[in-house]
Amino acid sequence: MARQWSEGHSSPILCVGASSGPEGLLASGSEGGEVTVWSQEGTIVGHLILPGEDDCTSVVFGPAAPGQLYVSHGDAVSVLDPRNLKGPVVEFQGAGEEEINALALNETGSALAVADDSGAVRVLELPGGKVCRTLRRHTNICSSVAFRPQRPNNLLSAGLDMQVMLWGLQKTRPLWILNLQDVAEEEDDHQQRPGQLFNPPLVHCVSVASCGNIVGCAAEDGRVHLMRIGSGSKLEQQGAVKAHSQGASQAHFVSFLSHPYWLVTGGNDGQVVLWELSKHPVVSLEVKAKATAAPRRKGKSKAKRKEQSRDKAKTPPKGETESEEAEGEDEMAEAAGAEEVTEEKSGVKLSISHGDKVNWLCPVVLKGEPSVVVADQSSSLTVYPLSPI
């Protein structure tokens with residue numbers, strides 16, 4: 001049964017975040033600078049209107065310190081104490097070059113990534129907030145960022161330029177770039193009927209599975225584009241699921257179900273969908289690699305030799321490794337072929353007709369029950385159980 005959490009906001013809620021701490025607090029941010037902190041039961045723990053009353057576009061709890069809540073509003077980031085919402089404990093003014101769209105923290109809580117309207121991604125050192133990297137390659141708004149789990153120096157960014165990029169924070173140029181427009185055009189050449197129009201794959205949200213190797217991007221073409229990152233941080237494969245009849249606004253991997261390859265998505269069609277992706281062509285090779293790697297830990301030297309031979313088997317011919325761009329093109333061509341098996345192999349395990357455009361999804365365990373919290377065009381949150389799996 002769906003539950004409503006109301007009275008925490010007076011305007012549409014734009015973002016939701018969940019704490020990993022023992023109290024399991026949640027936070028939501030809305031238009032007009034409102035921040036509300038909720039208990040697991042949906043009671044209001046605290047409420048604050050931030051100075052300037054700019055829209056709150058992202059709320060993220062510190063992974064290492066759940067007593068810290070990072071909120072982006074305008075070009076600033078405020079650090080709040082979620083149990084004592086009296087005002088910012090620290091404020092990073094001008095953290096973004098322009099209005100900030102998304103925040104991401106690495107697992108150690110030592111770096112905060114800030115994506116803004118200029119297309120830049122700034123990386124701030126924590127706790128001080130000093131800008132240690134500015135990553136410029138997006139040619140339009142950068143809408144979303146996510147650190148790779150288990151790899152605190154790897155960062156993914158995605159934007160309205162239809163590009164997805166993987167960055168290593170040691171350098172200021174991306175390790176690879178995938179242009180989803182090129183992928184979409186290849187697919188549409190095969191599939192488009194006369195007079196049929198497709199929305200361009202502007203990317204609204206990027207998420208990485210807890211294994212660190214599978215990436216999902218919600219895009220305006222209604223698809224969730226999937227990528228598999230292999231050894232050496234190379235882009236190994238790309239594909240998609242046709243997730244929504246209108247633009248897909250949200251895609252989040254769910255870390256608390258039976259394996260890392262559950263994904264919850266939301267769209268402008270008012271649908272919220274739970275996917276089990278372990279049989280998807282992009283994901284299934286990762287599942288197999290994990291299964292075969294497990295029993296090989298008895299003798300280190302043997303395991304190392306086997307891993308090396310596996311890596312050699314995976315290494316593409318020299319012609320493919322000459323440039324990152326060329327490699328990306330080969331993978332895109334491969335992915336177009338994989339698209340055909342997408343529908344039947346990627347099981348929809350739960351489909352919820354929410355009925356309103358989805359602004360944000362937050363998968364979370366509430367009182368022991370796997371759930372998803374939905375923010376839409378209203379000033380209330382809706383909580384759905386993810387139990388019929």
Legend entry - Check: Leu155 and Ser157 side chains under 4.5 Å, non-hydrogen atoms: no
Inset, instruction - Applying ring pair (Phe, Tyr, Trp, His ring centres under 6.0 Å), name anything that partners Tyr384, two or more places apart in sequence or on another chain. - result: His354
Inset, instruction - Return each pair, listed once, that meets salt bridge (charged side-chain N to carboxylate O under 4.0 Å, His left out) where at least one residue sits in residues 258-268; pairs must be two or more places apart or across chains. - result: none
Inset, instruction - Run through Asp116, Thr57, Asp55, Val59 and flag the one making a side chain to side chain contact (heavy atoms under 4.5 Å, CB included) with Ser72. - result: Thr57
Inset, instruction - Report yes if some heavy atom in the side chain of Ile352 is under 4.5 Å from a heavy atom in the side chain of Val273; otherwise report no. - result: no
Legend entry - Pair Ser110, Thr108: side-chain N/O donor-acceptor within cut-off below 3.5 Å: yes
Legend entry - Donor-acceptor pair, side chain of Glu125 and main chain of Lys130, under 3.5 angstrom: no
Legend entry - ILVMFWY network linking Phe147 to Ile177, side-chain heavy atoms under 4.5 angstrom: yes
Legend entry - Cluster overlap Val374 with Phe256, hydrophobic side-chain contacts below 4.5 Å: yes
Legend entry - pair Asp81-Gln68: side-chain heavy atoms closer than 4.5 Å: no
Legend entry - Glu107/Arg151 ion pair, N-O < 4.0 Å: no
Legend entry - Within one Ile-Leu-Val-Met-Phe-Trp-Tyr cluster: Leu85 and Val71, side-chain cutoff 4.5 Å: yes
Inset, instruction - For ring-ring contact (aromatic ring centres under 6.0 Å, His included), just list the numbers for Trp5 and Trp38, CA-CA rounded to whole Å, side-chain angles, deciding distance to a tenth of an Å, and then say yes or no. - result: CA-CA 9 Å; Trp5 290 4; Trp38 308 82; 5.5 Å; yes
Legend entry - Reported CG-to-CG distance for the pair Asn359 and Asp376, which is rounded to 0.5 angstrom: 7.0 Å
Inset, instruction - List in chain and number order the residues that pass salt bridge (charged side-chain N to carboxylate O under 4.0 Å, His left out) with Glu99, two or more places apart in sequence or in another chain; answer none if no residue qualifies. - result: none
Legend entry - Approximate separation, where rounding is to 0.5 Å, of Gln93 CD and Asp75 CG: 6.5 Å
Legend entry - Point-to-point distance, once rounded to the nearest 0.5 Å, from NE2 of His47 to CD of Glu34: 4.0 Å
Legend entry - Pair Glu276-Lys349, salt bridge (charged side-chain N to carboxylate O under 4.0 Å, His left out): steps then yes or no: CA-CA 7 Å; Glu276 199 278 287; Lys349 295 300 176 185; 5.1 Å; no
Inset, instruction - State yes or no: do Val35 and Val16 share one hydrophobic cluster built from I, L, V, M, F, W and Y residues joined by side-chain heavy-atom distances below 4.5 Å, directly or via other members? - result: no
Legend entry - Steps toward side-chain contact (heavy atoms from CB on, under 4.5 Å) verdict (Ile13, Leu381): CA-CA 8 Å; Ile13 299 170; Leu381 295 170; 3.7 Å; yes
Inset, instruction - Check the angle between the aromatic planes of Trp360 and His252 and answer parallel, tilted or perpendicular using the 30° and 60° thresholds. - result: tilted
Inset, instruction - Using atom types as modelled and distance alone, determine if a side-chain donor or acceptor of His280 lies under 3.5 Å from a backbone N or O of Ala240. - result: yes
Legend entry - Note, Arg136 side chain near His138 side chain (heavy atom, < 4.5 Å): no
Legend entry - Gap between atom CG of Leu366 and atom CG of Leu26 - 0.5 Å precision: 6.0 Å
Inset, instruction - State, with a plain yes or no, whether a side-chain heavy atom of Arg148 is found less than 4.5 Å away from one of Leu156. - result: yes
Inset, instruction - Determine whether the side chains of Asn213 and Glu286 contain a donor N or O and an acceptor N or O closer than 3.5 Å. - result: yes
Legend entry - CD on Gln250 to NE2 on His244, rounded to 0.5 Å: 10.0 Å
Inset, instruction - Mark yes when over 12 heavy atoms from residues, nucleotides or ligands other than Glu7 sit less than 6.0 Å from its CD; otherwise mark no. - result: no
Legend entry - Flag side-chain contact, heavy atom, 4.5 Å: Phe253 against Val208: no
Inset, instruction - Report yes if some heavy atom in the side chain of Arg223 is under 4.5 Å from a heavy atom in the side chain of Pro201; otherwise report no. - result: no
Inset, instruction - Check whether any side-chain heavy atom of Val114 sits under 4.5 Å from a side-chain heavy atom of Val121, and report yes or no. - result: no
Inset, instruction - State the CH2-CG distance between Trp262 and Leu277, to the nearest 0.5 angstrom. - result: 9.5 Å
